[in-house]
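Residues take their numbers from the sequence shown, with the count starting at 1.
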Amino acid sequence: MYSSYQQYQQRGGKLPESEYQVIAQRASEIIDYYTAGKAAEATDMASALSACECELVDFLGEGGDTSASSVQSESNDGYSVNYGSVSQAEKTQAMISLLKQYLTFPQNLLATCGWAYV
């Protein structure tokens with residue numbers, strides 16, 4: 001794993017430690033998958049990897065890899081909210097955007113593995 005529970009809490013994480021451990025392991029596996037294992041060798045990316053894993057923990061904990069609903073439209077005066085389900089493709093794209101945010105500087109771990117343009 002690339003982060004500790006203390007780092008997760010410092011970044012504003014709210015999950016209990018037991019839940020964090022399970023989801024952080026999954027987040028670590030996702031990072032390794034999308035970087036083809038290059039993340040473990042990138043010592044200059046340690047802080048970015050930690051931040052990415054913490055963000056992924058929150059993303060996955062909020063239903064990032066399970067079925068979820070999101071607000072599709074909203075009205076103010078009559079208070080109307082319409083929910084629609086988020087497709088798996090949209091969730092995957094959101095996760096890849098999160099990975100791109102953290103794993104492209106100072107080293108682009110996604111480009112060397114072919115995921116930079118997905």
- Under the side-chain contact (heavy atoms from CB on, under 4.5 Å) test, residues paired with Ser47 that sit two or more places apart: none
- Item | Straight-line distance of Ser50 OG to Gln7 CD, nearest 0.5 Å | 3.5 Å
- Task: Would you sort out whether Arg11 and Glu55 count as a side-chain contact (heavy atoms from CB on, under 4.5 Å), showing the intermediate values?
- Result: CA-CA 9 Å; Arg11 293 188 62 82; Glu55 293 292 327; 3.2 Å; yes
- Measure the spacing between CG of Leu49 and OG1 of Thr43 and express it to the nearest 0.5 Å. 10.0 Å
- Message: Could you tell me if the side chain of Tyr8 sits less than 4.5 Å from the side chain of Leu15, heavy atoms only?
- Response: yes
- Query: Between Ser28 and Met1, what is the shortest heavy-atom contact and its length?
  - Reply: OG-CA, 3.7 Å
- Query: If you measure from CG on Leu56 to CE on Met95, what distance do you get to the nearest 0.5 Å?
  - Reply: 7.0 Å
- Query: Looking at Leu103, Leu99, Leu109, which one forms a side-chain contact (heavy atoms from CB on, under 4.5 Å) with Tyr34?
  - Reply: Leu99
- Grab the two heavy atoms, one from Phe59 and one from Ala94, that are nearest each other, plus how far apart they are. CE1-CB, 4.0 Å
- Query: Closest heavy-atom contact between Ala39 and Asp32?
  - Reply: CB-OD1, 4.3 Å
- Do Glu53 side-chain atoms and Tyr2 backbone N/O form a donor-acceptor pair below 3.5 Å? yes
- Message: If you compare all heavy atoms of Ile31 against all heavy atoms of Cys52, which two are closest, and at what distance to 0.1 Å?
- Response: CD1-SG, 4.1 Å
- So, for Gly61 and Ile23, which heavy atoms are closest and what is the spacing to 0.1 Å? CA-CD1, 3.9 Å
- Query: Who are the side-chain contact (heavy atoms from CB on, under 4.5 Å) partners of Ala48, not counting sequence neighbours?
  - Reply: Met45
- Indicate if Tyr102 and Tyr33 have the same hydrophobic cluster label, given that clusters are the connected sets of ILVMFWY residues with side-chain heavy-atom separations under 4.5 angstrom. yes
- Working to the nearest 0.5 Å, report the span between CD of Gln10 and SG of Cys54. 9.0 Å
- Message: Return the NZ to CG distance between Lys38 and Leu110, rounded to the nearest 0.5 Å.
- Response: 13.0 Å
- Query: According to the side-chain hydrogen bond (donor to acceptor under 3.5 Å, both in side chains) rule, which pairs have a member within residues 12-24, sequence neighbours left out?
  - Reply: Ser3-Tyr20
